[in-house]
Number of protein chains: 2
Amino acid sequence: MVKRSETSGRLDDAARAGWLYYVAGRTQDEIASAMGISRQSAQRLVSLAVAERLIKVRLDHPIAACLELGNQLRRKFGLRHVEIVPSDPGSSSTTVGIAEAAASEIERWLKRADPIVLAVGTGRTLKAAVDQLPAIECPNHRIVSLTGNIAPDGSAAYYNVIFSMADAVKARHYPMPLPVLVTSSEERELLHGQQLVRSTLAISAQADVTFVGIGELGIDGPLCVDGFLEKDEMMELMRAGAAGEICGWIFDAEGKLLDNPINERVASAPIPPRDSSTVIGIAKGKRKFRAIKAAITGHQVNGLITDEETAEFLLSN
Amino acid sequence: MVKRSETSGRLDDAARAGWLYYVAGRTQDEIASAMGISRQSAQRLVSLAVAERLIKVRLDHPIAACLELGNQLRRKFGLRHVEIVPSDPGSSSTTVGIAEAAASEIERWLKRADPIVLAVGTGRTLKAAVDQLPAIECPNHRIVSLTGNIAPDGSAAYYNVIFSMADAVKARHYPMPLPVLVTSSEERELLHGQQLVRSTLAISAQADVTFVGIGELGIDGPLCVDGFLEKDEMMELMRAGAAGEICGWIFDAEGKLLDNPINERVASAPIPPRDSSTVIGIAKGKRKFRAIKAAITGHQVNGLITDEETAEFLLSN
DNA sequence: GCCATTGATGAGTAATTGCCCATGAGCAAA
DNA sequence: TTTGCTCATGGGCAATTACTCATCAATGGC
């Protein structure tokens with residue numbers, strides 16, 4: 001006898017329960033009796049549907065304050081695309097809100113009929129955004145990673161973005177089989193000379209749109225936490241005026257790439273051109289204020305998804 | 001107009017509250033203190049956001065479309081229970097998908113704690129469904145067949161459902177020791193007068209839930225293929241406007257039982273009452289479109305398990 | 001075969017939410 | 001100014017939902 005009550009069947013049930021709860025507006029009691037299960041089980045299915053992201057909620061109202069902040073930011077920094085989500089003062093998350101917004105924006109691009117090249121960086125924020133993506137089929141598009149997923153110890157960083165994206169989005173995807181930082185500029189040249197890497201670099205240069213996180217520096221910043229840089233290297237960078245990084249490319253408070261040996265060791269692809277393509281930074285939070293400010297000041301990105309609190313800082317400084 | 005700006009400001013607040021509630025996942029209490037209002041006001045804003053459709057919920061799962069079709073069918077035809085499974089365009093099977101779904105639904109009923117009477121019809125679809133049932137013990141329930149399993153030549157039809165069901169489900173079961181069609185209404189009365197048959201008929205009339213196939217007519221339909229009706233009898237029925245049959249009971253395109261001598265010879269139990277019990281039809285496929293349409297239009301069934309393709313036909317005609 | 005692990009389940013309970021109602025502010029007409 | 005109306009408000013309470021815990025069955029490794 002075939003066993004049917006398995007994971008996929010359970011997800012089906014979760015979808016059904018979630019639909020009945022959120023779309024049809026039934027109570028969990030009603031769902032329980034309709035599906036012949038206990039109320040507790042119905043509750044579990046509903047929360048499973050949420051946890052598995054079968055249920056997507058989006059807010060379809062331009063909050064005036066956010067729109068206004070967005071407009072001001074767009075004007076002040078000459079940005080192509082700005083999206084501001086409300087701040088949640090009680091939350092310490094660095095992704096809530098902007099991840100959903102970024103996912104919507106990614107989805108918008110992927111739904112275009114004409115073939116595009118979509119590039120992604122890496123980082124926790126971007127990972128959170130990609131995790132919000134629904135399943136999409138878009139065989140015409142290509143998705144390329146600007147940066148590698150290999151940690152100094154040889155393992156793949158858990159928040160590598162492009163593989164998570166490949167789970168949800170059916171498109172050709174091009175990972176970058178490199179670390180973020182190598183030991184010397186010579187090693188970088190060597191690695192970049194490999195055929196596979198070269199073709200991936202070539203594709204990334206044609207990106208129509210790029211989504212990147214913006215990293216703060218400091219010993220709590222991602223480059224240190226993930227072990228790409230030692231503490232003393234970081235301190236040296238800070239002394240040299242470093243303000244933030246995108247895909248490992250380190251820039252100063254004016255958003256200019258730092259003329260520093262460490263930038264010679266960055267193995268990521270260059271950030272696609274801001275004058276001919278869209279490069280959207282996704283970041284929020286006090287710790288990143290300085291890095292974000294620098295990135296948009298120096299046009300390392302020409303688009304930004306952030307929250308109200310951050311937007312207010314950017315406008316007032 | 002001051003009023004207007006106040007209203008839009010209120011919608012703005014509603015959007016913000018809705019965002020905090022659904023996207024950021026805060027409780028209404030937290031939202032209230034964050035926005036400096038009472039909890040009740042926060043609740044009102046959240047429900048306003050829903051009422052004004054600022055909050056859009058979407059279900060990201062293959063069965064989302066099915067649920068929507070099911071909902072529309074339920075409304076349009078006043079059905080109690082609708083289940084739509086995805087169509088498999090590459091398959092010519094008339095049972096794949098709906099058999100599994102029907103089995104799940106049967107299982108759901110059989111798992112109920114309170115004793116029920118479950119009635120079944122016959123047919124290939126139902127047989128396929130019953131073959132999907134796992135072993136269940138439910139000594140409290142009774143399972144009754146609405147229709148006989150004896151072919152005109154005296155043999156038992158291979159797809160008789162109740163005996164297959166008895167293999168999997170441990171419950172009292174009541175077969176109907178009759179043919180589907182007898183030679184005359186007099187013979188029917190005679191057979192129905194037998195004690196054994198009478199008690200089975202009585203049980204079937206108390207059915208809480210009934211699962212039946214919906215048969216199409218025509219010389220390739222089950223009644224002809226299985227030799228219950230001769231070709232010329234079938235042709236005559238078609239001329240009389242017959243559109244489909246359930247347990248041998250033949251109905252026209254409006255789903256009304258046909259006033260025809262052949263219906264006088266049907267030895268099956270009457271289909272249990274649709275106003276006080278659940279009668280679920282299981283059928284899909286182009287050849288059955290007309291029969292299914294008729295059955296739900298005329299309330300021969302008040303529940304339906306079918307596939308997307310069929311559901312779309314039923315909604316568009 | 002035996003045991004640890006995983007995961008589902010239902011009961012019980014705490015937390016959260018929805019709703020009714022009395023109140024009072026704001027406002028227009030008398 | 002008064003009256004009457006509308007509507008937002010918060011208290012109170014019932015309904016609903018979320019969570020914890022103990023149990024149990026299935027699974028997989030030893």
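From a predicted model like this one, the values you see are computed outputs, not experimental measurements. Each chain gets a letter, A, B and so on, in the order its sequence line appears, and its residues count up from 1. Note: hydrogens, waters and symmetry copies are ignored here, and every other heavy atom, side chains too, is used.
Over its length, the helix from C/dG1-D/dC30 to C/dA30-D/dT1 turns its helix axis by 30°, as judged from the five terminal pairs at each end, rounded to 10°.
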Every protein N/O within reach of nucleotides 22-24 of chain C N/O, cut-off under 3.5 Å:
none

Table of protein N/O atoms under 3.5 Å from nucleotides 11-15 of chain D N/O atoms:
| unit_1 | atom_1 | unit_2 | atom_2 | d |
| --- | --- | --- | --- | --- |
| D/dG11 | N7 | B/Q40 | NE2 | 2.4 |

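For the pair A/Q28 CD and C/dT17 P, the computed distance is 13 Å after rounding to whole Å. The CG atom of B/D29 sits 13 Å away from the P atom of D/dG10 (whole-angstrom rounding). Per the geometry, CD1 belonging to A/I37 stands 14 Å off P belonging to C/dA11, to the nearest Å. Atom OH in B/Y22 sits roughly 11 Å away from atom P in D/dT17 (whole-Å rounding). Atom pair A/E30:CD and D/dT16:P shows a separation of 8 Å (rounding to whole Å applied). Rounded to a whole Å, the CE atom of A/M35 is 14 Å from the P atom of C/dA8. Whole-Å rounding puts the A/D13 CG to C/dA8 P distance at 12 Å. A straight line from CG of B/L48 to C1' of C/dC19 spans 16 Å, rounded to a whole angstrom.
Taking 4.0 angstrom as the limit, B/Y21 places a side-chain polar atom (N or O) nearer than this to OP1 or OP2 of C/dT17. For C/dA8, the OP1/OP2 oxygens have no side-chain nitrogen or oxygen of A/S41 closer than 4.0 Å. Taking only side-chain nitrogens and oxygens, B/Q43 comes nearer than 4.0 Å to OP1 or OP2 of C/dG18.
Partners of B/V144 according to the side chain to side chain contact (heavy atoms under 4.5 Å, CB included) rule, which considers only residues two or more places apart in sequence or in another chain, are B/V117, B/A119, B/Y174, B/T200, B/I203, B/S204. Residues forming a salt bridge (Lys or Arg N to Asp or Glu O under 4.0 Å) with B/D208 (at least two apart in sequence, or on another chain): none. Applying the salt bridge (Lys or Arg N to Asp or Glu O under 4.0 Å) criterion to A/R16, with sequence neighbours excluded, gives no partner residue. Shown here are the salt bridge (Lys or Arg N to Asp or Glu O under 4.0 Å) partners of A/K286, two or more places apart in sequence or in another chain: A/E309. For the salt bridge (Lys or Arg N to Asp or Glu O under 4.0 Å) test, residues two or more places apart in sequence or in another chain that qualify with A/E30 are A/R26. With sequence neighbours excluded, no residue forms a side chain to side chain donor-acceptor pair (under 3.5 Å) with A/T94. The side chain to side chain donor-acceptor pair (under 3.5 Å) check on B/R172 picks up nothing, with sequence neighbours excluded. Annotation: ring pair (Phe, Tyr, Trp, His ring centres under 6.0 Å) contacts of A/F313 (sequence neighbours excluded): A/F289. The side chain to side chain contact (heavy atoms under 4.5 Å, CB included) test applied to B/D29 returns B/T27, B/R39, not counting sequence neighbours.
For the residue pair A/I31 and A/A42, the shortest heavy atom distance occurs at CG2-CB, 4.3 Å.
Note that CD1 of B/I280 and CD1 of B/I214 are 11.0 Å apart. Values are rounded to the nearest 0.5 Å.
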